[in-house]
Amino acid sequence: CSDDFLEVEPRGQSLESNYYRNAQEAYNGLVAAYDPIGWVGQNYVAKEFALNVASDDFYAGGGNSQDVPAIQAWSSYTLDPATGPQEELWRRSYSGIYRTNVLLSKLPNTEMDEQLRSRFEAEMKFLRAYYYFDLIRLFDRIPLFTEPVAASELGNAVQVDRSEVFAQIEQDLTEAIPNLPTQIDAATEAGRATQGAGKALLGKVFLHLERFGEAAQQFSDVNGTPGGTSQYGYKLLENFGDLFENENQFNEESIFEVIHSSASNWGDWDCIGCTEGNLLNQMSAPRGYNVLQQGKGAPDFIAGWGFNIPTKKLVDAFIYNDGSYDNRYKYTISNLDSLEQAGIISYEESYQDTGYFLKKFAGEQEDRSTGGGNFELNWSQNFYDIRLADTYLLEAEALVRGGGDTNRAQALLDAVRNRVGEESVPATFENILRERRLELAGEGHRWFDLQRAGLAAQYLEFKGYVEGKHDKLPIPLQDLTNTQLEQDPAYQ
Amino acid sequence: TVVDGDGIPLPGANVIIKGTTTGTLTDFDGKFAIEAATGDVLVFSYMGYETVETVVDDQEELMITLTPDAASLDEVVVVGYGTQKRSVVTGAISSVNASDLETMPINTVGEALQGRTSGLTVAAASGQPGSGATIRVRGITTLNNNNPLWIVDGVVVDDGGIGYLNQSDIASIEVLKDAASQAIYGARAASGVILITTKSGKAGRIRVNYNTYLGFSEPAERIDMTNATQYAALRNEASVNDGEGVVFNDLSALGKGTDWQDVIFNDSAFRQNHELSISGGNDVSTFYFSFGYLEEEGIVATDISNYERTNLRLNSTHEVTPWLTFGENFGYSRNKSIGIGNTNSEYGGPLSSAINLDPLTPVIVTDPDRLSQFPYNQDLPFLRDANGNPYGISQQVAQEIINPLAYIQTRLGNFGYSDNFVGNAFVEAEPIEGLVFRSNLGVKLSYWGDESFTPINYLNASFSTAETSFTRSSNNKLDYNLENTLSYSDEIDQHNFTILLGQGAYKENEAKGLSVTKFGIPVDNFDDASLNFDVPENKVVANGYENVPHKVSSLFARLNYNYAEKYLFSGIVRRDGSSRFGANNKYGVFPSGSIGWVVSRENFWGGNNPVGFFKLRGSYGVVGNDNVGDLAYLSTIGSGRNYAFGDQLGSYDVGYSPDAPANPDLKWEETSQLNIGFESRFLNGFSLEVDWYKKETTDILLYPRIPAFAGVIGNPARNVGDMENTGVEVNFGYSLNKEDYGININTNASYLHNEVTYLGDGQEYLDGGVAFQSSTFPITRTAVGEAVNSFYGFKTLGVFQTQEEINNYTNANGDLIQPNAVPGDFRWQDSDGSGSIGEEDRVFIGDPTPDWSYGITLSGYYKNFDFTIFGQGVAGNQIFQGLRRLDIANANYPAKAMERWTGPGTSNSYPRMTNDDPNNNYSNPSDFYLEDGDYFRIKTAQIGYNLPESLLSSVGFEKVRVYVMSENLLTFTKYTGFDPEIGGGVLSIDRGIYPQARSFMLGASLGF
């Protein structure tokens, strides 16, 4: 036989050496670079879910204290290098970084329109900054790559100073913003990075670095006149509850979304990480949920897995001194305990049951996927990574903390409260933080807010949080073997 | 004088006066002298020859001719591309002959091998009819695919496809165990080679044989579970122990409740088998035709556990001219199998549900009170029995633990099938005597698929289906191989030699398939389901695939030489090229050599040596393994990195990125093996064969983890690991065959020691391991210095009886080692001496692979009666029994939980009842879950009766035999699960294995 007989070609698969030839293949690479934003780890770790249970707003819940150990460990602050969400969150960001680096290295040789090329490059830099910003907020010292690393070089990689990472993030965003589109075609492009998203992210980076003036500047470009429509077309949605209806994805309040989809049809138990679905929908719905009496106001939840249990502290935060509930409460939380006592529903108590469930994200019957794959893994609700109410409050924070325009800060805060029919409160840092807690409950911001405000130790002590240690996650144990990486001293 | 069929004297033949101990042996010239009286009967016997009896009259000299016994010394062994006389074979080859398998209740080839040869570890994957077996030749050779290479009449048949074969068509099975024997199959032989030859016709009159058996199967073993009262008591106890109130107030009303094993098990599952063969021929053509049909109902949830197989075979040879032969072997089979779903899984299915469902739930709900309550008062699509009563839905457990009868309703009619056409055609030319050219084309064409329908249903709060769905999948593949060989054999002055040169090309695994599902078709059962129904486009899901083919191209050569059948030598070299490797290492060369010395043929051995035959042999060789997946050496761009841009639900974009860095240096795994053994026959009827081997596998292909910060999905393949197997195999036999009675004993035993010797620099163990439910820790670990996938977990040191014992269990600082423990919790071994209990305290606690595998066949006859008892067993392994769902706190308990700790002195091995389990008594994988896996099983017991010839001749039959038999009659084991025989990728992990059935059957064979 000739040697030709032994040559086989991959089918439905290309080789790296001859890919990224044209705009379509570059686009396919771009999709892959966005993909980790919606990362669902093989062991059920998704970024928003993990950050929720790490905060004072939620417990892990689940079947028992061993159910999804990675999540339990962060909720109860029993993190160690082997157990915790660090492995998945680390992998999520570095997968995104690798894919942006691959495409950035290939784009110069791709045959494509120059304008399109520069937009792709800008999106890759935006994404690289996005992923590094998550990493540098979650971990102490990390290795920094701006091009794909050969397998043989991995052993030589070292961690760099935090300031180097921030410098790279700032540089990437600064370079990206001018080339990101101000408007995109919602029908086909919604979800891709825009100039508004770029500025909002840069504002968040500046705020994190306490460069308040620069932060406020970026946010104000995004926000425009409080309560009005900004230059990018952003505007608060009229009805707060509509934010969490599936059909309202990519609304005018949305700046950058984490996209989930039920359409991929192929998330199944063998590859949980393959799904494009929103796991929090499945995980936060109550276990063994049954509606016993129809038409009595019982929520239309599916029977889920009972994770992400709201704490009493979160519920209390919604209650004003006069005993009235904030108007956002009913869109945010369901009190199943009282419904059960009324005999309207029944459900199985989760570990750490409080009787409360996160209504914003608990999966509902009407949204249950009827396509292929396991419906449990194919929920389609998106998360808001950044939305206008969020940037209003962040700008207000930057102004208040940085000694900026307090009138504008007040106007921004009022606009958020106005929308839900709540009266004005003074624009203090404390009030802004509380507002963020109510407005953004369950959307994965609270833990970062507490860190930024330096309040984590105080607010998370009840969960076992140790100051100076738990502000970061340990470097994943497995990445310390056969590498030059060093563990965060706090976890040694 | 005693001579053989060619008139050559036989030295060392036995001569005995029948009924006495008086006897002698023939000398070097075949002569003997014995004093006997007229009328005495002299018995002449010689190993490998048929025994002859002669009545003494007054003659001085006797000329006795012994004819070779076909079943013994001159037995030929299939060695790959030819045959060899057993007496001159230098490799370690085990054989199973048709006669060992006749009328045995064997459905798969795996069963035919189990216990019948040494050097194999065989464990049925499950008792589901038609399921295969895990077969390991001399242990676990690699960390990749360990399945042996199957070759049927020269056709390579993949492991999953061997089930098509009808055992009654098998003439012989040869297992090539040492590298010297395997080397002729080079790069794919490392995990052993199993050669199967099917039957052929013989010149002469046409013979018809019909064999049938029919019978019933039942489960042999049940697992003792708690009844309703005991269950409720344990629930109460757990609840109280966890600081909560009692759950059930009145235990006395509960009674025994439902025994779910009664519900799913069938004590009279039907099975039948029919085999018809017609064979014959003349001096030009011969043929063998057969038809077979077997049906076997499963003993678990019989409505959805069933297997049917139909076989056809036609083998023929034709002499075109005296020097040119043409022939073909063609087999067709159709399998239809209906499976229960999970046959060894804790996640649902009838078995898992029967173990985990609470006994409080009724099978059907008839109580009107209950029917008026939730959920039965709801308008939900409950599944109902024939009388319209809804099947009970548990109020205690949920998730996949579903009333098995309701579950069965959702799967009725679903089936899988396969059609296999396996055949070969050859021409053989012998232009000059001894020079043979042979060209063989082998083809395997397979079609397989399945159909399933799911009705609208409500099984429990977590499992319901709002829309019907009907799925059909179909797959096909065509494998072929073409081989040409040229051989020359001759004998010059007792120098016997055969030279073989060969070339082969192989293409396999080019499978293709399609699967379509339509949702929402307007029917409620499988029989009415059809893809003809029109449904909206978004209710149709279609998928397809095609595999990358696996191709191999080979050249090989072999020299067999012997001098006077006394000094033996064999040398083989094979060069293989495989599509699975890159340009740097596409080809591999695999050499081997072996020598033998038939000591008993030396003059000094002496004619009257009680050991009639003795052969020493040794071999060394290298073989390879390319069974490691396609394209592993390339950096491929993979899809599936999807993201759903755009403001419309129900669509997404497919993203592409590199999978893993390339490794162009990827190459074969290599296994070298040294084998030393001897074969002997002694004391007229005994035989003993012993082998020792040491097998080393190097460059095992692994995917060592690269750091996650590399950001790639996969890890590049690299040749990293090493492992070693050493073992001893013993075969012992005794045979006595007289006219009226006879007895045969065949035993074999194999000892095996497996050890991983290298996993990469600084790499002590592989990541991963077998998962155990929701436990944080896997239950197995592959580590240097240990057997592959050894059990790994925490070690218990008894149960804390008192708080004082907990307080005394302290570390160097005086701190409690287990501060969370309360009396009744396990005392964990602080293996790393850290003073606290954590993951570092896990140690190796057992080995799933048996050290010993053995088999015994005892058969005999007396006049027209005959019997066979065949037993098989293993020893030295542990079984991990993880039956109870940990994440379902209210799952039923095994009855042994009644022996739990309830106060000081009550138990030192079973901890207290608790759901919160702060000490992780139950959620830690530990030796608590391990049991010894030793067992010995009477696999087959059969008694037959041959109708006397006088009766037969009147009806024209040559042979009529009727028999009764039992399969799996008795199993001797201490194991407490359904069945200690648990196959699978890693053996001996019991998650609720589908047990093997015990059957009782009545059979008959007719021949004319």
> Say you draw a straight line from CD of A:Gln293 to CD of B:Gln378; how long is it, rounded to the nearest 0.5 Å?
Replying inline: 9.0 Å

> For A:Asn156, does the CG atom sit with more than 12 other heavy atoms under 6.0 Å from it, leaving out its own atoms?
Replying inline: yes

>> Donor-acceptor pair, distance only, cut-off 3.5 Å: does the side chain of A:Asp479 make one with the backbone of B:Phe709?
In response: yes

>> Need one label for A:Ala70: side chain, backbone, both or neither, based on atoms under 4.5 Å from any heavy atom in chain B.
In response: neither

> With only heavy atoms counted, which part of B:Tyr506 is less than 4.5 Å from chain A, the side chain, the backbone, both or neither?
Replying inline: backbone

> Using a cut-off of under 4.5 Å for heavy-atom pairs, which of B:Asn663, B:Asn547, B:Asn543, B:Asp917 has the most such pairs with chain A?
Replying inline: B:Asn547

>> If you count heavy-atom pairs within less than 4.5 Å of chain A, which of B:Asn460, B:Asp916, B:Ile888, B:Val712 leads?
In response: B:Val712

> So which heavy atom on B:Tyr643 is nearest to which on A:Ile37, and how close?
Replying inline: OH-CG2, 3.4 Å

> Can you name the side-chain hydrogen bond (donor to acceptor under 3.5 Å, both in side chains) partners of A:Ser65, sequence neighbours left out?
Replying inline: none

>> At a 4.5 Å cut-off on heavy atoms, which part of B:Asn920 comes close to chain A: side chain, backbone, both, or neither?
In response: side chain

> chain B heavy atoms under 4.5 Å from A:Arg99: which part of the residue, side chain, backbone, both or neither?
Replying inline: side chain

>> Counting only non-hydrogen atoms closer than 4.5 Å, does A:Ser14 touch chain B with its backbone (N, CA, C, O), its side chain (CB onward), both, or neither?
In response: both

> Measuring heavy-atom distances to chain A, does B:Gln373 have an atom under 4.5 Å in its side chain, in its backbone, in both, or in neither?
Replying inline: neither

>> Regarding A:Gln66 and B:Thr776, do their side chains bring together a donor and an acceptor under 3.5 Å, going by distance alone?
In response: yes

> Tell me, side chain or backbone of A:Pro143 under 4.5 Å from chain B's heavy atoms, or both, or neither?
Replying inline: side chain

> Closest approach of A:Glu276 and B:Gly640, non-hydrogen atoms and distance?
Replying inline: OE2-O, 4.4 Å

> Under a 4.5 Å heavy-atom cut-off, does chain A meet the side chain of B:Ser923, its backbone, both or neither?
Replying inline: side chain

> Quick one: what part of B:Asp630 sits under 4.5 Å from any heavy atom of chain A, side chain, backbone, both or neither?
Replying inline: neither

> Which value, rounded to the nearest 0.5 Å, describes the distance between B:Asp887 atom CG and A:Tyr351 atom OH?
Replying inline: 15.5 Å

> With a 4.5 Å limit on heavy-atom distance, are the side chains of B:Phe645 and A:Leu30 in contact?
Replying inline: yes

> Is the OH atom of B:Tyr765 crowded by more than 12 outside heavy atoms at less than 6.0 Å?
Replying inline: no

> For the residue pair B:Tyr587 and A:Leu6, what are the closest heavy atoms and their distance?
Replying inline: OH-CD1, 3.6 Å

> Quick one: does B:Pro658's side chain get under 4.5 Å of A:Val102's, heavy atoms only?
Replying inline: yes

>> Given heavy-atom pairs under 4.5 angstrom as the criterion, report whether the side chain, backbone, both or neither of A:Arg287 touches chain B.
In response: side chain

> chain A heavy atoms under 4.5 Å from B:Glu510: which part of the residue, side chain, backbone, both or neither?
Replying inline: side chain

>> Could you measure the distance from the CZ atom of A:Phe375 to the OG1 atom of B:Thr465? Nearest 0.5 Å is fine.
In response: 9.0 Å

> CG of A:Asn290 to CG of B:Leu380: how many Å apart, nearest 0.5 Å?
Replying inline: 8.0 Å

>> Run the side-chain contact (heavy atoms from CB on, under 4.5 Å) test against B:Asn715 and tell me which residues pass, sequence neighbours left out.
In response: B:Tyr703, B:Arg705, B:Ile706

>> For A:Glu189, which atoms come within 4.5 Å of any heavy atom of chain B: side chain, backbone, both, or neither?
In response: backbone

>> Can you tell me which portion of A:Ile97 sits under 4.5 Å from chain B's heavy atoms? Options are side chain, backbone, both or neither.
In response: neither

> Which bit of B:Val654 comes within less than 4.5 Å of chain A, counting heavy atoms only: side chain, backbone, both or neither?
Replying inline: backbone

> Got B:Tyr656 and A:Glu25 here, is their nearest side-chain heavy-atom distance under 4.5 Å?
Replying inline: no

> Quick one: CD on A:Glu7 to NZ on B:Lys586, what's the gap to the nearest 0.5 Å?
Replying inline: 4.5 Å

> Do you know which two heavy atoms are closest between A:Val291 and B:Phe374, and how far apart they sit?
Replying inline: O-CE1, 3.6 Å

> Taking A:Thr83, A:Thr188, A:Val8 one by one, which has the highest count of heavy-atom pairs under 4.5 Å against chain B?
Replying inline: A:Val8

> Considering only heavy atoms, which portion of A:Val68 lies under 4.5 Å from any heavy atom of chain B: side chain, backbone, both, or neither?
Replying inline: neither

>> Quick check: closest heavy atoms across B:Ala461 and A:Ala303, and the distance to 0.1 Å?
In response: O-CB, 3.4 Å

> With chain A, which of B:Ala398, B:Ser462, B:Gly577 has the greatest number of heavy-atom pairs at distances under 4.5 Å?
Replying inline: B:Gly577

> Side chain, backbone, both or neither: which part of A:Leu485 has a heavy atom under 4.5 Å from chain B?
Replying inline: side chain

> Measuring from A:Ile259:CD1 to B:Tyr652:OH, what's the distance to the nearest 0.5 Å?
Replying inline: 14.5 Å

> Contact part of B:Ser578 toward chain A, heavy-atom cut-off under 4.5 Å: side chain, backbone, both or neither?
Replying inline: backbone

> Can you name the nearest heavy-atom pair linking B:Ala644 to A:Ser261, along with the distance?
Replying inline: CB-CB, 3.6 Å

> B:Asp653 and A:Tyr34: side-chain donor and acceptor closer than 3.5 Å?
Replying inline: no

>> Taking every non-hydrogen pair under 4.5 Å, which of B:Gly655, B:Pro716, B:Ala708 racks up the most with chain A?
In response: B:Ala708

>> Counting only non-hydrogen atoms closer than 4.5 Å, does B:Leu886 touch chain A with its backbone (N, CA, C, O), its side chain (CB onward), both, or neither?
In response: backbone

